[in-house]
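Let me begin by presenting the structure, written as structure tokens, before commenting on it.
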Amino acid sequence: MRIAILTDIHGNREALTAVLADLADRHIDQIAILGDIVGYGPDPDWCTDAVMAMVQAGAFCVMGNHDSAIGNTNEMMNADARRVIDWSRDRLSDGQKAFLAGLPMTEVLDDLMFVHASANHPTDWIYVTSAHKAMPSFRVCGSRAIFCGHVHVPALICCDGGGRVTEQRFVMGMPMPLIRSRRWLAVVGSVGQPRDHNPRASYAVYDMGKNELTFRRVGYDNAATAEKLRKAGLPESLAARLMRGE
Amino acid sequence: MLRPYAGLEIDGFKLGECLHKGGFATIWDVTHPMYRTPMVMKVPTILDGYDGPTIVGFEVEQMIMPRLTGLHVPRVVAEGDFSVMPYIVTERIPGASLLEYFKTKPRPLSEVVETAARLAAAVHDLHKQHVIHLDLKPDNFVQRVTGEMVCIDFGLSRHDELPDLLAEEFTIPMGTFPYIAPEQILRSRDDLRSDIFALGAMIYELATGRLPFGQPEKLKGARKRLWRAPLPPRAIDRTIPEWLQEIILHALEVDPARRYQSAAQMLFDLTHPGQVKLTERSRKTEADGALTRFRRWRQMRRVKGFAAPHTTSAQINRAAIIMVAVDLSPEMERLAGQLLLAVQRMLNNRPDARVACVNVIKTARIGIDTTTTDEGDHMHVARLVALRTWAESLDLTEDRLTFTILEGSDPARILIDHAETLHVDHIVMGARSHSSTRRFLGSVSSQVVSEASCSVTVIRMPMVAQGAADPDGPAELAEPVPEPATEPAPEPATEPAPALSA
């Protein structure tokens with residue numbers, strides 16, 4: 001089975017459309033969405049609808065901090081994020097809000113775990129930005145492979161039989177074997193707001209049969225999304241960020 | 001965790017005889033009801049608890065081996081689950097490793113050269129698949145009955161698109177001391193030229209019967225190769241030809257930048273002894289004197305490392321072998337000029353590339369073999385001279401240029417075969433202008449484009465409609481066409497011809 005893993009769509013319709021078009025030709029059997037469907041981007045309603053349709057068709061989705069913030073005003077956020085969430089809240093229907101509020105924190109599929117931020121404490125929205133920060137996830141969670149998002153920078157971390165946790169280099173677009181003698185944590189990059197100095201939308205494909213993970217990048221019309229943000233009167237810094245991928 | 005024993009059945013595989021018991025792994029003959037081919041199973045010998053080095057070496061093999069294809073690697077059949085019993089099942093290549101073969105040495109020249117060429121071909125195949133072996137030695141080669149050398153044991157290897165699990169595991173240099181390259185001693189794990197050094201050491205051993213750097217047991221002893229040059233092969237055996245010494249010592253250069261830049265280039269020399277450029281290396285007949293050794297020691301003792309190529313494929317590309325098929329007939333003169341420009345442009349971004357210039361003498365399908373006559377000999381020499389003249393302005397040193405005159409009745413086939421034997425990365429050739437005859441009968445270039453296994457760039461003169469006035473120049477400048485009228489005259493404009501890459 002081949003699973004496409006999408007995360008941090010952040011209301012970016014153009015990026016999500018491009019990613020879905022890219023994975024359409026890649027024999028995908030299952031789609032996993034790791035949360036943050038809304039926030040930062042100008043199309044929260046369209047993206048929520050798209051995810052709802054995918055879930056209806058068999059995909060699964062976990063909750064991200066921005067999804068949670070729609071119904072829970074106590075979520076901690078920076079000013080720009082807060083502003084977009086407040087703006088998005090008015091644009092979402094009750095049905096969409098209920099869908100976001102009802103998302104589970106984690107999903108487990110065989111020996112794989114899917115979560116938005118960290119596996120050790122999903123509701124704390126911890127950023128797994130290094131091998132060190134990934135260590136608790138490996139300690140707490142027994143799954144062989146953990147897939148998470150939240151950071152917006154793709155990364156691959158493994159834990160060997162001796163318990164040592166190290167970050168691994170990978171080549172974009174090349175299948176990486178997640179050898180079974182180790183446990184793995186993959187931070188899947190963001191679809192709608194990449195921050196690794198590459199503005200292209202990021203997602204990953206995991207092939208369960210071959211046990212290989214491939215990080216992918218897809219170009220999309222980010223200028224159009226940035227223009228929509230400006231037209232909606234949302235912070236210019238968010239538009240600039242999409243153009244530069246940072 | 002399960003331990004292997006004869007008679008054990010796991011995932012359908014039944015273990016037979018134990019074929020080899022090494023320090024890190026055991027090799028078993030296995031059978032499976034679903035597979036008919038002979039197979040072996042490699043099981044790492046993992047000590048109780050966490051046995052880092054063995055496990056990581058095996059993990060590296062599990063990552064790399066399933067990605068390799070072709071005749072120079074064993075085909076992987078299955079892999080075992082680490083939680084039950086880790087193993088890799090591969091096809092069984094009959095015969096012992098080259099270690100047996102290396103026991104009887106020195107070997108006669110013809111055998112040395114053939115074995116060396118086969119080894120180089122296998123290593124180049126690995127490099128093309130992004131893998132640097134890093135532990136080449138006779139024990140790690142097996143020869144197929146069909147002659148191809150197969151590399152085995154990838155426990156120390158490096159795949160440049162996969163994480164290097166070994167780099168994080170060890171801080172000590174890894175490899176086999178008699179064959180290990182100097183930069184490996186300085187802990188480099190990302191230079192494909194390390195494998196070329198090991199190849200050089202193996203060929204040295206085959207040709208002279210001795211190991212170039214003896215059998216150091218400690219790192220300190222192995223380090224000496226950074227400043228102590230091996231005894232020249234011809235000092236051991238004067239019957240070894242200078243060109244072979246040149247090849248061996250070229251591969252054994254301390255600085256990777258002074259070695260062969262790819263295994264294919266080494267193979268090229270092994271298969272073209274007559275065209276090996278002999279340097280001082282080939283003339284050395286005695287060991288370095290004390291003063292030279294002292295100087296080199298002072299120079300090298302503080303060296304921390306050598307520059308390594310960015311990636312394996314980048315290095316192969318830098319050191320590509322480009323074959324240029326040149327048509328020297330008078331009506332193709334302009335095209336030959338364009339061809340030269342195209343090659344010059346290619347060399348700009350491939351600073352270590354070699355250029356093999358070839359020209360084909362087309363012989364009649366049935367008839368007298370032209371080469372057996374004086375006239376044929378004369379033709380050969382004349383073509384060779386013309387080819388050299390053509391290549392003069394490429395401004396390449398002799399060791400990067402070769403000239404070959406091929407002959408046969410099917411020029412395209414000959415070019416394709418020649419490119420294959422040389423492991424050519426890129427063919428550049430000209431195509432005659434479009435004409436209706438060619439459209440129906442096909443041309444040499446179109447056959448090469450469709451059948452060659454490497455990239456082909458076809459250079460063509462811009463087409464001018466026949467009889468139409470050329471707006472850029474007076475029509476009378478067009479050269480008269482000596483050949484059949486189906487060939488339109490080349491355009492007199494000086495614009496470069498468009499290149500079609502296939």
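The structure presented is a predicted model; accordingly, all values stated were derived computationally and were not measured. Order of the sequence lines fixes the chain letters, A, B, ..., with proteins taken first and strands second; residue numbering starts at 1 for each chain.
In this structure, the portions of A:Met176 lying under 4.5 Å from any heavy atom of chain B include both its backbone and its side chain. Looking at A:Ser181, the atoms closer than 4.5 Å to chain B (heavy atoms on both sides) sit in the backbone and in the side chain alike.
For the pair B:Pro163 and A:Glu167, the minimum side-chain heavy-atom distance is 4.5 Å or more. Counting heavy atoms from C-beta on, the side chains of A:Pro177 and B:Arg67 come closer than 4.5 Å. No side-chain heavy atom of A:Arg169 sits less than 4.5 Å from a side-chain heavy atom of B:Glu161. Residues B:Leu165 and A:Arg182 meet the side-chain proximity criterion, which asks for heavy atoms closer than 4.5 Å.
Note on A:Met174, A:Glu212, A:Lys210: by heavy-atom pairs under 4.5 Å with chain B, the leading option is A:Met174.
Here the CD1 atom belonging to A:Ile179 is positioned 4.0 Å from the CD atom belonging to B:Glu59, to the nearest 0.5 angstrom.
Residue B:Phe24 places its CZ atom among 12 or fewer non-hydrogen atoms of other residues, nucleotides or ligands, all under 6.0 Å distant.
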